[in-house]
Participant: 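First, the structure itself, so that you have it in front of you.
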2 protein chains.
Amino acid sequence: MNQETDGIRQNGGRGRDLDAFDRKLLSLLVEDATRSYVELGEQIGLSAPAVHERVKRLKRTGAIRQTAALLNPIAIHKTLLAFVHVDTHGWGKSPELLAISKYPEVEEMHSVAGDTCMLLKVRTKDSRALEGLLARIYDVPGVIKTRSYVVLSTHMERPVQADITTEWPAPRQAARPPR
Amino acid sequence: MNQETDGIRQNGGRGRDLDAFDRKLLSLLVEDATRSYVELGEQIGLSAPAVHERVKRLKRTGAIRQTAALLNPIAIHKTLLAFVHVDTHGWGKSPELLAISKYPEVEEMHSVAGDTCMLLKVRTKDSRALEGLLARIYDVPGVIKTRSYVVLSTHMERPVQADITTEWPAPRQAARPPR
DNA sequence: ATATTGACCGAATCGTATTCAGCCACAAGC
DNA sequence: GCTTGTGGCTGAATACGATTCGGTCAATAT
């Protein structure tokens with residue numbers, strides 16, 4: 001096997017993958033990007049300049065897209081969160097529909113598989129504003145209908161996590177049908 | 001009327017509301033939280049210590065929840081994004097279901113109104129991992145069924161924006177019914 | 001064996017965050 | 001009307017952390 005290359009090489013040639021240090025670093029920075037480099041270094045066992053170098057690389061290579069302040073929606077009076085499914089006539093990715101993302105109330109816009117074409121995450125001041133936004137969506141040519149899921153309470157909401165579950169526990173009940 | 005109180009003071013005593021400076025500050029910090037206080041000050045027309053004081057207050061009052069590094073999902077090998085609607089038997093907010101949020105693949109968990117009880121945003125390495133997570137969800141007592149919307153492409157995804165659309169344009173077609 | 005490369009460390013430098021001592025405008029009280 | 005207290009601002013001074021630098025080491029390539 002390759003027990004020789006395993007464990008030995010931390011970082012190979014070009015565009016190499018993240019090692020354990022990078023992973024931990026990303027985890028820490030997602031949690032709190034204001035930590036000092038010395039503190040980060042203590043957590044993962046590296047010196048401050050080494051951490052600095054790695055963070056710089058993670059930004060350069062695009063693993064870290066941006067570092068942002070995450071706001072409390074209530075503080076800025078956006079108390080209504082909703083997911084809006086948009087069904088369109090034909091191929092839905094029209095420029096007009098994409099232009100909807102200009103509104104600061106729209107936080108996400110995805111093309112999805114399933115019985116709908118586009119999925120929006122929108123956060124507004126109140127139901128009145130949601131209505132205004134929906135009106136704009138219906139203005140887009142080709143939009144057939146929308147289905148909105150209004151959030152009653154958010155139990156958890158966080159940015160992309162660096163960690164990955166490597167081993168999924170087996171289901172408790174019966175074995176699920178394969179495929 | 002109350003034209004005297006309007007415009008003068010929005011929120012008297014405790015936890016007063018954000019002013020225009022705070023708004024701009026939040027906008028800038030959501031976009032890029034690494035800017036220096038002098039640069040922020042230049043943008044909004046304040047000195048660095050004034051900015052510092054305001055940012056400190058925004059954090060203390062909770063308007064800024066955290067400042068986080070936002071990661072590129074591809075870089076950390078989470079290429080599959082899906083929204084999972086979970087229907088449950090009876091009142092769905094069981095501890096077991098909430099415990100699902102422990103997996104780092106789960107980014108959001110909301111109770112929603114509509115024909116479903118819980119809505120999850122999950123990001124996994126591949127469809128195999130999504131299956132593993134769904135298996136765990138089905139293990140939760142009371143879960144009747146799930147419906148997954150797999151994202152084909154993400155056109156836009158960003159954190160909570162400080163800006164608010166104040167004036168919604170009138171719909172182009174017919175006037176929508178009042179109320 | 002030797003040269004090259006990449007990553008690390010400790011020390012030094014530099015820039016920015018943070019503190020501090022006034023200053024000013026406004027609101028409430030005399 | 002005048003005074004006092006409060007909150008928020010400024011410029012200057014200080015302190016801390018980011019960034020740079022020279023040198024070392026290990027692994028790979030020559």
Side-chain angles (χ1 to χ4, degrees), chain A residues 1-64 66-70 75, chain B residues 2-64 66-70 75 162:
Chain A
M1 302 315 190
N2 48 7
Q3 75 274 57
E4 200 57 31
T5 52
D6 279 345
I8 299 290
R9 85 133 73 282
Q10 306 273 28
N11 278 322
R14 279 270 312 111
R16 63 232 164 291
D17 212 34
L18 310 171
D19 64 10
F21 285 133
D22 291 324
R23 289 271 176 180
K24 277 197 200 169
L25 219 38
L26 291 177
S27 274
L28 291 169
L29 290 174
V30 166
E31 202 176 82
D32 179 5
T34 68
R35 274 186 260 243
S36 74
Y37 287 137
V38 284
E39 185 186 341
L40 292 169
E42 286 166 2
Q43 298 282 327
I44 70 175
L46 281 180
S47 70
V51 172
H52 178 248
E53 185 61 39
R54 278 173 180 269
V55 171
K56 218 166 48 180
R57 187 179 61 203
L58 288 169
K59 286 182 178 171
R60 179 162 39 79
T61 61
I64 297 179
Q66 61 169 329
T67 109
L70 303 189
Chain B
N2 48 7
Q3 74 274 54
E4 200 58 32
T5 52
D6 281 343
I8 301 290
R9 251 273 170 272
Q10 305 278 26
N11 276 325
R14 281 270 313 111
R16 65 214 163 306
D17 212 31
L18 310 170
D19 63 10
F21 284 133
D22 291 324
R23 290 271 177 180
K24 278 196 199 169
L25 220 37
L26 291 177
S27 275
L28 291 169
L29 290 174
V30 166
E31 201 176 83
D32 178 6
T34 69
R35 274 187 260 242
S36 74
Y37 287 137
V38 284
E39 185 187 341
L40 292 169
E42 286 166 2
Q43 298 282 326
I44 70 175
L46 281 181
S47 70
V51 173
H52 178 249
E53 186 60 39
R54 278 173 179 268
V55 171
K56 216 166 51 179
R57 187 179 61 202
L58 289 169
K59 287 182 177 169
R60 180 163 38 80
T61 61
I64 297 179
Q66 61 170 330
T67 109
L70 303 189

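Chain identifiers are assigned alphabetically (A, B, ...) following the order of the sequence lines, protein sequences preceding nucleic acid strands; residue numbering begins at 1 within each chain.
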Participant: So, is His52(B) near the phosphate of dA17(C), with a side-chain N or O under 4.0 Å from OP1 or OP2?
Facilitator: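 For His52(B), the contact criterion (side-chain N or O under 4.0 Å from OP1 or OP2 of dA17(C)) is not met.
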
Participant: According to salt bridge (Lys or Arg N to Asp or Glu O under 4.0 Å), who are the partners of Asp19(B), at least two apart in sequence or on a separate chain?
Facilitator: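 Asp19(B): salt bridge (Lys or Arg N to Asp or Glu O under 4.0 Å) contacts with Arg54(B).
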
Participant: Under 3.5 Å between N/O atoms: give me all the protein pairs with nucleotides 11-16 of chain D, atom names plus distance.
Facilitator:
none

Participant: So, taking the atom named CG in Leu70(B) and the one named CG in Leu29(A), what distance separates them when rounded to the nearest 0.5 Å?
Facilitator: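 Spacing of CG (Leu70(B)) from CG (Leu29(A)) equals 11.0 Å.
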
Participant: For the residue pair Gln66(A) and Glu31(B), what are the closest heavy atoms and their distance?
Facilitator: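 That would be OE1-O, 2.8 Å.
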
Participant: Going by side chain to side chain contact (heavy atoms under 4.5 Å, CB included), name the residues that satisfy it together with Val51(A), two or more places apart in sequence or in a different chain.
Facilitator: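 Listed in chain order: Leu25(A), Tyr37(A), Leu40(A), Ile44(A), Leu46(A), Val55(A).
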
Participant: Can you tell me how far apart OG (Ser47(B)) and CD (Glu53(B)) are? Round to the nearest 0.5 Å.
Facilitator: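 Going from the OG atom of Ser47(B) to the CD atom of Glu53(B) covers 10.5 Å.
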
Participant: Walk me through whether Leu28(A) and Glu39(A) qualify under side-chain contact (heavy atoms from CB on, under 4.5 Å).
Facilitator: CA-CA 10 Å; Leu28(A) 291 169; Glu39(A) 185 186 341; over 6 Å; no

Participant: In whole Å, I'd like the distance from the NZ atom of Lys56(B) to the P atom of dG7(D).
Facilitator: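 It works out to 14 Å between those atoms.
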
Participant: With sequence neighbours left out, write down each residue that passes side chain to side chain contact (heavy atoms under 4.5 Å, CB included) with Arg23(B), or none if nothing qualifies.
Facilitator: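 Partners of Arg23(B) under the side chain to side chain contact (heavy atoms under 4.5 Å, CB included) test: Ile76(A), His77(A), Ile164(B).
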
Participant: Quick one: which of dC9(C), dG8(D), dC9(D) gets closest to the side chain of Arg57(B)?
Facilitator: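 Closest nucleotide among those given: dG8(D).
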
Participant: By salt bridge (Lys or Arg N to Asp or Glu O under 4.0 Å), which residues pair with Lys59(A), not counting sequence neighbours?
Facilitator: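 With sequence neighbours excluded, Lys59(A) shows a salt bridge (Lys or Arg N to Asp or Glu O under 4.0 Å) to no residue whatsoever.
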
Participant: Under 4.0 Å, heavy atom to any atom of DNA chain C: which of residues 23-45 of chain A qualify?
Facilitator: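 Per residue number, the list is empty: none.
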
Participant: Nearest whole Å is fine: how far is dC9(D) C1' from Arg54(B) CZ?
Facilitator: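 After rounding, the gap between these two atoms is 9 Å.
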
Participant: Measure the distance from CZ on Phe21(A) to C1' on dA7(C) and round it to the nearest whole Å.
Facilitator: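 Rounded to the whole Å, the gap is 11 Å.
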
